[in-house]
Protein chains: 2
Amino acid sequence: MTKQNQRRVTLRDVANEAGLSVMTVSYAFNNPDRVSEESLQRVLNASKVLGYAGKNPWATSLRTGKSNSLGVVFGEHLTYAFSDPQASEFLAGVASICVERHLGLTFIPTEGTPGDASRVSEAAVDGYVFWTTVMDDPTLGAAVRTGRPCAIQGGPEYDGIVRVRADDRAAARAMSTTSLKGTSHPVIVSFSLDHTRTPSQGYGLDITEAKLPVTQDRLQGFREGLEAAGFNWSDVYVIALSRNLRTEAKTTFDLLLKEAQIPVDAVLCMSDELAVGVLETASENGRVVPNSLSVSGWDDGPAAAAEGLTTLRQSLYEQGRTCGQIAAGLTADQPQASWSVIERQSTRR
Amino acid sequence: MTKQNQRRVTLRDVANEAGLSVMTVSYAFNNPDRVSEESLQRVLNASKVLGYAGKNPWATSLRTGKSNSLGVVFGEHLTYAFSDPQASEFLAGVASICVERHLGLTFIPTEGTPGDASRVSEAAVDGYVFWTTVMDDPTLGAAVRTGRPCAIQGGPEYDGIVRVRADDRAAARAMSTTSLKGTSHPVIVSFSLDHTRTPSQGYGLDITEAKLPVTQDRLQGFREGLEAAGFNWSDVYVIALSRNLRTEAKTTFDLLLKEAQIPVDAVLCMSDELAVGVLETASENGRVVPNSLSVSGWDDGPAAAAEGLTTLRQSLYEQGRTCGQIAAGLTADQPQASWSVIERQSTRR
DNA sequence: AGCGTGCTGTGTAACGGTACAGATCGAGCG
DNA sequence: CGCTCGATCTGTACCGTTACACAGCACGCT
């Protein structure tokens with residue numbers, strides 16, 4: 001063992017070993033051009049001899065006020081970050097910025113309890129990215145109060161946090177028009193996402209009841225599109241699912257068809273994943289898409305193209321990149337993410 | 001603005017405002033039972049008045065030597081963490097521990113360059129988890145030298161790092177036996193993973209050439225199983241793919257069938273994802289599975305059950321949990337992860 | 001009265017780096 | 001020869017928190 005006691009080797013130890021001052025050693029590591037070749041070698045040598053494990057990150061951060069890491073506050077259970085396709089795509093975008101700028105990526109687990117606010121404000125990060133956050137989340141304020149840059153995907157709107165999203169309301173308006181083409185007097189189901197619900201609990205969700213701002217915006221857009229086309233919002237069953245899983249959509253839609261016997265003509269889904277589940281259940285129940293049933297998804301992920309799904313294209317990856325850039329302090333613009341309706345075979349022409 | 005200048009509010013400021021000592025304020029936050037109800041209220045009140053953003057994480061960590069965060073060193077491009085099904089499942093396991101123990105999860109991006117070693121040793125984490133690491137990765141030594149607990153999935157073996165994995169060699173041995181049941185004089189292709197390769201470059205990989213220890217172990221196991229059954233290792237084409245994508249497997253296998261015209265009888269894949277790609281290409285080329293072609297996967301993920309794939313079951317989620325526990329310092333055991341061959345319709349009985 | 005005990009509050013010295021201002025010294029130059 | 005200048009090196013004061021040891025003080029008990 002080269003280590004004296006149990007104490008970790010510090011810059012000072014290296015300086016002593018090398019017969020140089022602490023500052024020279026510090027410069028040798030951070031700004032090698034500023035020291036002579038000979039000193040540099042002596043520092044490197046002394047480090048090796050003592051087994052110097054590198055600069056203490058906390059000391060450096062405390063002094064410089066930076067930690068070279070972005071924080072992600074993930075509104076749902078952290079394991080979903082790696083299983084939900086929407087979240088994954090978004091996070092890949094954030095990660096791409098981290099790779100480019102040599103930043104760490106720190107997930108700050110929260111569970112929606114008030115105590116989590118301090119876990120956010122006391123995270124060693126230089127900026128925050130929020131994902132699927134509910135309206136009254138106390139962590140938003142905690143992040144803003146740190147004075148570090150903050151970005152949020154979707155919403156809610158919050159003073160001091162840059163909001164990155166497509167215009168969900170306009171997009172939903174367009175989607176409802178496309179989706180109901182060639183249909184008269186339809187009965188419509190909207191499969192929405194609202195992770196504050198327990199599974200299959202959300203029958204008949206009212207617009208204002210939705211906890212996620214994105215859900216609110218889209219429902220509002222659906223409503224406007226439908227009413228402009230002469231349909232009634234009261235003919236729409238809004239069903240909120242707690243998880244973005246095709247199995248959730250399948251069991252719920254099956255129940256709707258078999259038990260509730262609702263004569264549904266169109267299903268507007270808020271993710272491709274849910275839409276694929278609806279398609280599967282439809283075919284199991286002998287419904288022909290799009291002639292006897294119109295189905296639309298959201299996001300235009302890989303599954304949408306494979307299944308011929310009409311969907312709303314937006315790039316969550318790009319939105320992730322934008323959020324990453326904002327959190328890294330590279331820009332402070334409030335960007336408008338683009339979107340477009342992609343018409344495929346799951347809706348009538 | 002309640003803030004005086006630009007300086008961030010500190011504990012000291014709160015103490016002054018509350019008319020108490022710094023330590024009392026510190027106790028009020030960390031150990032409220034130790035202060036009187038009245039002091040507690042005064043501290044809380046002063047914090048609110050001054051807009052105290054919470055304890056400075058770097059100062060706390062510097063003093064206590066802990067940062068309440070686990071580090072993940074991800075051998076591939078960080079965006080794959082959110083798209084590769086194997087990685088995702090493993091990371092979900094790590095994340096579950098972080099949620100349970102109230103720890104952050106920090107990804108430390110590396111690109112395989114020597115400079116990355118310092119990014120690892122200077123990360124503000126309490127322990128390390130390694131994923132898909134090549135044999136001579138310098139970040140391994142950097143992590144060990146910090147003295148913090150380290151865990152690695154798969155390999156390589158490294159002094160001071162707990163290795164979590166199934167016995168890949170024995171598993172591969174069993175799999176090759178199962179997979180070649182009812183076959184005589186077969187020509188075999190093994191689709192392997194080796195992310196240091198550029199796409200489709202790895203024709204005719206030699207066992208010892210494989211950069212990933214897991215790949216080496218499995219190839220070795222395949223070889224032993226085949227030779228024990230009287231087959232020749234020289235009849236096996238080992239093809240290393242750089243990415244765990246079904247599209248990679250599809251184009252490569254298509255090339256093999258059409259251009260190289262190799263009369264392949266069995267394909268042993270090192271992931272379900274690759275195996276599914278092989279199945280798709282096989283059916284496009286009119287090959288009937290399992291009668292004219294045996295296909296096996298690895299991991300028994302959701303796709304394997306859906307496609308009736310014979311595969312090797314292991315739980316990367318559980319291995320992720322184990323790695324997380326080790327990195328969090330909750331245990332130091334060298335565990336043996338379990339595995340079993342799951343026989344389905346893609347191989348002969 | 002004297003003493004131990006528990007509760008509450010306080011000063012000070014770290015933790016391990018970096019910013020900053022300045023010291024030293026030999027070379028170059030009029 | 002005196003002076004400036006650049007290259008190199010150094011001492012010290014922080015950054016903001018917590019560990020630790022100790023100081024009052026009220027209270028109950030002998």
Side-chain angles (χ1 to χ4, degrees), chain A residues 3-43 46-47 50-68 118 121-124 126 146-147, chain B residues 3-43 46-47 50 52-68 118 121-124 126 146-148:
Chain A
K3 302 175 189 174
Q4 338 275 55
N5 356 13
Q6 293 294 43
R7 225 181 84 267
R8 203 175 141 175
V9 182
T10 74
L11 256 197
R12 222 164 300 267
D13 300 325
V14 176
N16 288 340
E17 176 75 19
L20 291 163
S21 75
V22 200
M23 275 317 295
T24 306
V25 179
S26 178
Y27 284 131
F29 284 122
N30 299 324
N31 210 347
D33 292 345
R34 205 185 180 296
V35 301
S36 68
E37 183 58 30
E38 197 214 323
S39 300
L40 185 59
Q41 289 309 323
R42 279 165 67 187
V43 168
S47 307
L50 296 177
Y52 184 54
K55 298 181 296 183
N56 180 314
W58 306 309
T60 304
S61 290
L62 174 59
R63 191 64 242 249
T64 61
K66 310 201 84 354
S67 42
N68 292 318
S118 65
S121 61
E122 289 161 19
D126 300 328
T146 64
Chain B
K3 302 175 190 176
Q4 337 274 56
N5 355 13
Q6 293 295 44
R7 226 180 83 267
R8 203 174 143 176
V9 182
T10 74
L11 257 196
R12 217 168 304 268
D13 300 326
V14 176
N16 289 340
E17 176 75 20
L20 291 162
S21 75
V22 202
M23 274 317 295
T24 306
V25 179
S26 178
Y27 283 132
F29 284 122
N30 300 325
N31 209 347
D33 292 344
R34 204 189 180 292
V35 301
S36 67
E37 183 58 29
E38 197 214 324
S39 301
L40 184 58
Q41 288 309 323
R42 278 164 70 185
V43 168
S47 308
L50 296 177
Y52 183 56
K55 298 181 295 183
N56 180 314
W58 306 309
T60 304
S61 291
L62 174 59
R63 192 62 243 252
T64 61
K66 311 200 83 353
S67 42
N68 292 318
S118 64
S121 61
E122 289 161 18
D126 300 329
T146 64
R148 302 193 266 250

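Keep in mind the model is a prediction, meaning the values are calculated, not measured. Throughout, a chain's letter reflects where its sequence line sits, starting with A, and its residues are numbered from 1.
- Side chain of A/Asp126 to main chain of A/Asn68: a donor-acceptor pair is present (N/O by atom type, distance under 3.5 Å, no hydrogens or angles).
- In terms of heavy-atom proximity, A/Ser67 sits nearest to A/Ser61 at CA-OG, 3.6 Å.
- Of the candidate nucleotides C/dG17, C/dG9, D/dC9, D/dC9 has the atom lying nearest to any side-chain atom of A/Ser39.
- Nucleic acid contact for A/Ser36: sugar-phosphate only, since backbone atoms but no base atoms lie under 4.0 Å from a heavy atom of the residue.
- With C/dG22, C/dT18, C/dT12 as the choices, the nucleotide that has an atom nearest any side-chain atom of A/Lys55 turns out to be C/dT18.
- Taking CG of A/Asn30 as the reference point, atom OG1 of A/Thr64 lies at 10.0 Å (rounded to 0.5 Å).
- Note on A/Ser61: nothing from the nucleic acid sits closer than 4.0 angstrom, heavy atoms only.
- The phosphate of C/dG16 (OP1 or OP2) has no side-chain N or O of A/Tyr52 nearer than 4.0 angstrom.
- A close approach under 4.0 Å does not occur between any side-chain nitrogen or oxygen of A/Asn56 and OP1 or OP2 of C/dC15.
- Computed from coordinates, the B/Asn68 CG to D/dT17 C1' distance equals 14 Å when rounded to whole Å.
- Nearest-nucleotide positions on DNA chain D place A/Val35 closer to the 5' end than the other of A/Val35 and B/Asn30.
- The distance between atom CG of A/Leu62 and atom P of C/dA19, rounded to the nearest whole Å, is 12 Å.
- Remark: B/Glu37 engages no residue in a salt bridge (Lys or Arg N to Asp or Glu O under 4.0 Å) (not counting sequence neighbours).
- With rounding to whole Å, B/Met23 atom CE is found 12 Å from C/dG11 atom P.
- Inspection of the A/Ser118 and A/Ser121 side chains reveals no N or O donor paired with an N or O acceptor under 3.5 Å.
- The phosphate of C/dT18 (OP1 or OP2) has a side-chain N or O of A/Ser26 nearer than 4.0 angstrom.
- Where B/Ala59 and B/Leu20 meet DNA chain C, the nucleotide closest to each residue was compared, and B/Leu20 sits on the side nearer the 5' end.
- A donor N or O paired with an acceptor N or O is found under 3.5 Å between the base of D/dT18 and the side-chain atoms of B/Arg63.
- Nucleotide C/dG11 holds its P atom 13 Å from the OH atom of B/Tyr27, rounded to whole Å.
- Summarising the geometry, the separation between CG on B/Asn31 and P on C/dG6 is reported as 17 Å, rounded to the nearest angstrom.
- Rounded to an integer number of Å, the gap from CZ of B/Arg12 to C1' of C/dG11 is 11 Å.
- To the nearest 0.5 Å, atom CG of residue A/Asn56 and atom CZ of residue A/Arg63 are 14.5 Å apart.
- Rounded to whole angstrom, the span from the CD atom of B/Glu122 across to the P atom of C/dG16 amounts to 15 Å.
- Here D/dA21 presents its P atom at 13 Å from CZ of B/Arg34, a figure rounded to the nearest Å.
- Side-chain N/O atoms of A/Arg8 and base N/O atoms of C/dG16 include no donor-acceptor pair closer than 3.5 Å.
- Side-chain N/O atoms of B/Thr10 include none lying less than 4.0 angstrom from OP1 or OP2 on D/dG16.
- Contact annotation for B/Thr24: base contact, defined as any heavy-atom pair under 4.0 Å involving a base atom.
- Using a 4.0 Å heavy-atom distance criterion, B/Asp33 is classed as a sugar-phosphate-only contact.
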